[in-house]
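Heads up: the structure comes next, in structure tokens.
Each ligand, and each atom within it, is numbered from 1 in the order the structure gives. Every value quoted in this text rests on a predicted model; they were computed, and no experiment measured them. Any value given below was found using the heavy atoms of this structure, including those in side chains, with hydrogens, waters and symmetry copies removed.
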Amino acid sequence: MTDPGNDAVAQGTAASAERLAAVRREIADACRLAGRDPAKICLVAVSKTFPAADIVPVIAAGQRTFGENRVQEAQAKWPQLRETCPDARLHLIGPLQSNKARDAVALFDAIHTVDRPKIAAALAAEMDRLGRRPELFVQVNTGAEPQKAGVLPEAADAFIAQCRNEFGLAITGLMCIPPADAVAAPHFALLAEIAARNALAGLSMGMSADFEAAILQGATHVRVGSAIFGHRPTAA
Ligand SMILES: *Cc1c(COP(=O)(O)O)cnc(C)c1O
């Protein structure tokens, strides 16, 4: 009667639903502290590296917005998941190559990683061609880390203006990934400052370890993976 394999699956299912509920409570608590409306925070459940079988229970628990960091991985997983959940919304949170711009525009509802003119131009062309307009975030490399994607903070104003004026792109907001070993709050504050002076309402910042701090500093989109799905066995 009790197949140990099925038990393990059922336990995993219950665990991710409980973790999702806990994250939602923590978002509500942070909003209460900040005097903000939790309904205005978009929780992006980062499902990168997790198979569809791990995503189904999180959809069943009511989550609708998901984040993936690779176009190809998302193309393999999501068409089928979307058949069972047509209102699922997909956000690209990983680096984008210009030769993947068409696929990205076709598949994603938001792209958080616009960070150079070549990508902005490719996205503008594909959005015109496909008649689809995903929300766009400009990624800012707030820690000026050489290995990390994103426009440098001092170049952000000019790049945002270029996206708007030269490429005709509507920009929703900014995104950052603070250095792994740094206190995140100053990076969140810097991102909020750049957004404010460019009249951008969206702030994609905060991950499993620091989404509450990000909400206190104005995050509108938090990208939470392991706190919902559990430990990621493979490097992402
Ligand atoms: C993996 C990833 C996340 C989620 O990280 P967790 O620590 O698992 O919450 C958020 N943002 C980006 C850009 C990521 O690549």
Side-chain angles (χ1 to χ4, degrees), residues 12 15-27 30 41-51 54-55 57-58 61 63-74 77-78 89-97 100 104 107-116 119 134-145 147-151 156 172-185 187-188 190-192 195 202-236:
S16 60
E18 273 165 32
R19 285 190 296 254
L20 174 66
V23 166
R24 290 210 169 278
R25 277 195 302 275
E26 284 156 23
I27 289 173
I41 310 281
C42 176
L43 169 60
V44 181
V46 177
S47 49
K48 67 183 183 193
T49 78
F50 288 97
D54 289 344
I55 300 171
V58 178
Q63 178 65 25
R64 287 295 176 270
T65 304
F66 291 86
E68 291 283 346
N69 70 334
R70 295 204 169 115
V71 175
Q72 256 175 320
E73 181 185 340
K77 286 191 321 205
W78 278 94
R89 294 180 57 81
L90 209 49
H91 289 217
L92 179 64
I93 60 167
L96 179 59
Q97 303 303 320
K100 288 278 195 306
L107 186 63
F108 289 94
D109 300 292
I111 296 171
H112 291 230
T113 49
V114 183
D115 68 348
R116 56 196 190 278
I119 286 296
E135 289 194 312
L136 302 178
F137 293 77
V138 167
Q139 182 175 356
V140 181
N141 185 358
T142 55
E145 295 172 278
Q147 83 287 4
K148 197 168 269 178
V151 63
T172 294
L174 303 180
M175 178 272 219
C176 77
I177 309 169
D181 53 358
V183 176
H187 295 270
F188 297 155
L190 174 59
L191 198 71
L203 281 173
S204 168
M205 57 190 198
M207 319 199 324
S208 290
D210 52 24
F211 65 87
E212 290 138 306
I215 287 169
L216 293 178
Q217 295 194 261
T220 58
H221 295 66
V222 291
R223 310 178 309 267
V224 180
S226 47
I228 295 170
F229 289 97
H231 176 65
R232 265 191 306 278
T234 41

So [Y] and [X], do their side chains get closer than 4.5 Å, heavy atoms only?
X      : Y      : result
Ile55  : Phe229 : yes
Asp115 : Thr113 : no
Leu43  : Ile228 : yes

By number and element, which atoms of ligand 1 are closer than 4.0 Å to a non-hydrogen atom of [X]?
X      : value
Lys48  : 1 (C), 2 (C), 3 (C), 14 (C), 15 (O)
Val224 : 9 (O)
Gly225 : 4 (C), 6 (P), 8 (O), 9 (O)
Ser226 : 6 (P), 7 (O), 8 (O), 9 (O)
Arg223 : 4 (C), 9 (O), 10 (C), 11 (N), 12 (C), 13 (C)

Check your understanding: Under a heavy-atom criterion of less than 4.0 Å, does Asn69 contact ligand 1?
Key ->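 False for this residue.
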
Check your understanding: Any non-hydrogen atom of Arg232 lying under 4.0 Å from ligand 1?
Key ->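 Yes; Arg232 lies near enough to ligand 1 that a heavy-atom distance drops under 4.0 Å.
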
Point to revise | Nearest non-hydrogen partners of Gly225 and Arg232, listed with the distance | key: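 Minimum heavy-atom contact is CA-NH1, 4.2 Å.
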
Practice item. For residues His221 and Phe137, establish whether the separation of their ring centroids is below 6.0 Å. Key: yes

Exercise for review: Return the option from Val23, Ile93, Thr49, Val222 holding the heavy atom at the smallest distance from atom 12 (C) of ligand 1.
Suggested key: Ile93

Exercise for review: Give a yes or no answer on whether the side chain of Asn69 reaches the backbone of Ile93 with a donor-acceptor pair at less than 3.5 Å.
Suggested key: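 Looks like no, no N/O pair under 3.5 Å.
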
